[in-house]
Amino acid sequence: MRSRYVIGNWKMHTLPSEAEVLAREIVEHASVPPASEGGIGVVLCPPFTSLNSVIHTLNGSAISVGAQDCHHLAQGAYTGDVSAQALLELGCSYVILGHSERRRYHLETDIQIGQKIAGATEAGLCPIVCVGETAEQRNADLTFRVVESQVTAITHAAGVDAMNGCIVAYEPIWAIGTGVSATANQAQEVHAFVRSHLLSLGVIDISILYGGSVTSSNASELFASADIDGALVGGASLLASSFVSIVEALAKT
Ligand code: PGA
């Protein structure tokens with residue numbers, strides 16, 4: 001089943017005390033329509049160190065919490081890593097996996113990302129799985145080939161069962177944090193391609209979000225596209241008013 005989401009990726013921003021203030025501002029101002037009224041999922045993904053304060057601040061609200069990574073195993077001698085089981089017990093429901101910043105700075109591969117998806121779904125978390133091409137790849141007309149190979153490798157490593165029910169985020173790397181979003185047409189054609197490719201692999205239950213310089217100014221146009229089920233928002237999720245405007249834009253679509 002396709003669902004619609006606005007998800008805030010706070011990256012390595014906010015101290016625990018600041019995260020609590022931002023989460024409170026968002027929960028006080030965002031009106032999240034319930035599922036019965038074409039509802040949308042709203043998720044905040046703060047740094048690990050702010051998860052606890054954000055979970056407590058949002059307790060009892062319609063807004064959920066996600067982490068930005070997890071290990072693929074439930075426990076073990078992995079200093080500095082965090083398991084999906086621990087995140088679930090803390091109160092997380094989602095986890096971002098395979099963000100391009102993890103691929104770039106931590107050399108994560110599609111196979112590792114697939115293993116993390118399997119581990120996260122086994123634990124009961126919903127993965128938000130990121131794919132997307134670099135500027136060089138787009139300029140060389142390789143966008144579809146790159147995204148196809150990421151989706152195929154991730155699905156093979158995770159297994160079709162684990163992929164069903166996940167959220168995929170198409171995040172062109174050239175659009176992340178640059179202020180230059182993909183156009184609605186550019187995003188739509190990749191989303192339609194990813195959806196049909198996943199279908200051909202047996203993944204029928206998927207929501208596909210766009211990420212990369214989404215703001216309150218361009219959100220409505222992106223959300224009007226047939227295959228865009230919402231947004232993964234970085235910079236604009238750090239200001240309550242802009243994040244709330246993006247939530248409202250999706251609710252109105
Ligand atoms: P951005 O980041 O909205 O700041 O471009 C999106 C992301 O990296 O998830």
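Heavy-atom basis, side chains included; hydrogens, waters and symmetry copies ignored. Atoms within each ligand, like the ligands themselves, are counted from 1 in listed order.
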**Report entry** Passing option when Val247 is tested against Val233, Val42, Ile63 for side-chain contact (heavy atoms from CB on, under 4.5 Å)
**Finding:** Val42
Query raised in the report: Any idea how Phe144 and Phe193 line up, ring-wise: parallel (<30°), tilted (30 to 60°), or perpendicular (>60°)?
Result: perpendicular
Query raised in the report: To the nearest 0.5 Å, how far apart are CD1 in Ile208 and SG in Cys166?
Result: 11.5 Å
Counting non-hydrogen protein atoms only, what is the nearest one to [atom]? Give residue, atom name and distance.
| atom | result |
| --- | --- |
| atom 7 (C) of ligand 1 | Glu171 OE2, 3.2 Å |
| atom 4 (O) of ligand 1 | Gly235 N, 2.8 Å |
| atom 3 (O) of ligand 1 | Gly234 N, 2.8 Å |

Close approach, [X] and ligand 1, non-hydrogen under 4.0 angstrom:
| X | result |
| --- | --- |
| Ala169 | no |
| Gly212 | yes |
| Ser213 | yes |

Query raised in the report: How far apart are the C-alpha atoms of Glu18 and His13, what are their side-chain angles, what is the distance that settles it, and do they pass the side-chain hydrogen bond (donor to acceptor under 3.5 Å, both in side chains) test?
Result: CA-CA 9 Å; Glu18 295 166 338; His13 296 291; over 6 Å; no
Report task. Apply salt bridge (charged side-chain N to carboxylate O under 4.0 Å, His left out) to Glu133 and list each qualifying residue two or more places apart in sequence or on a separate chain. Result -> Arg138
Query - All salt bridge (charged side-chain N to carboxylate O under 4.0 Å, His left out) counterparts of Arg24, not counting sequence neighbours - result: Glu20
Query raised in the report: Under 3.5 Å, is there a donor-acceptor pair linking the side chains of His197 and Thr152?
Result: yes
Report task. Compute whether any side-chain donor of one residue and acceptor of the other, for Gln150 and Asp110, lie under 3.5 angstrom apart. Result -> no
For ligand 1, which atoms sit closer than 4.0 Å to a heavy atom of [X]?
| X | value |
| --- | --- |
| Gly177 | 1 (P), 4 (O), 5 (O) |
| Lys11 | 2 (O), 7 (C), 8 (O) |
| His99 | 7 (C), 8 (O), 9 (O) |
| Leu232 | 9 (O) |

Looking only at N/O atoms, are [X] and ligand 1 under 3.5 Å apart anywhere?
| X | result |
| --- | --- |
| Ala236 | no |
| Thr178 | no |
| Gly211 | no |

Query raised in the report: Is ligand 1 under 4.0 Å from a heavy atom in the side chain of Ile176, in the backbone, in both, or in neither?
Result: both
Query raised in the report: Between Ala175 and ligand 1, which part of the residue brings a heavy atom under 4.0 Å of the ligand: side chain, backbone, both or neither?
Result: backbone
Query raised in the report: Has Glu221 got more than 12 heavy atoms of other residues, nucleotides or ligands less than 6.0 Å from its CD?
Result: no
Requested in this report: For the pair Asp229 and Arg4, evaluate salt bridge (charged side-chain N to carboxylate O under 4.0 Å, His left out) and give the outcome as yes or no after the intermediate values.
Outcome: CA-CA 5 Å; Asp229 299 323; Arg4 301 185 307 149; over 6 Å; no
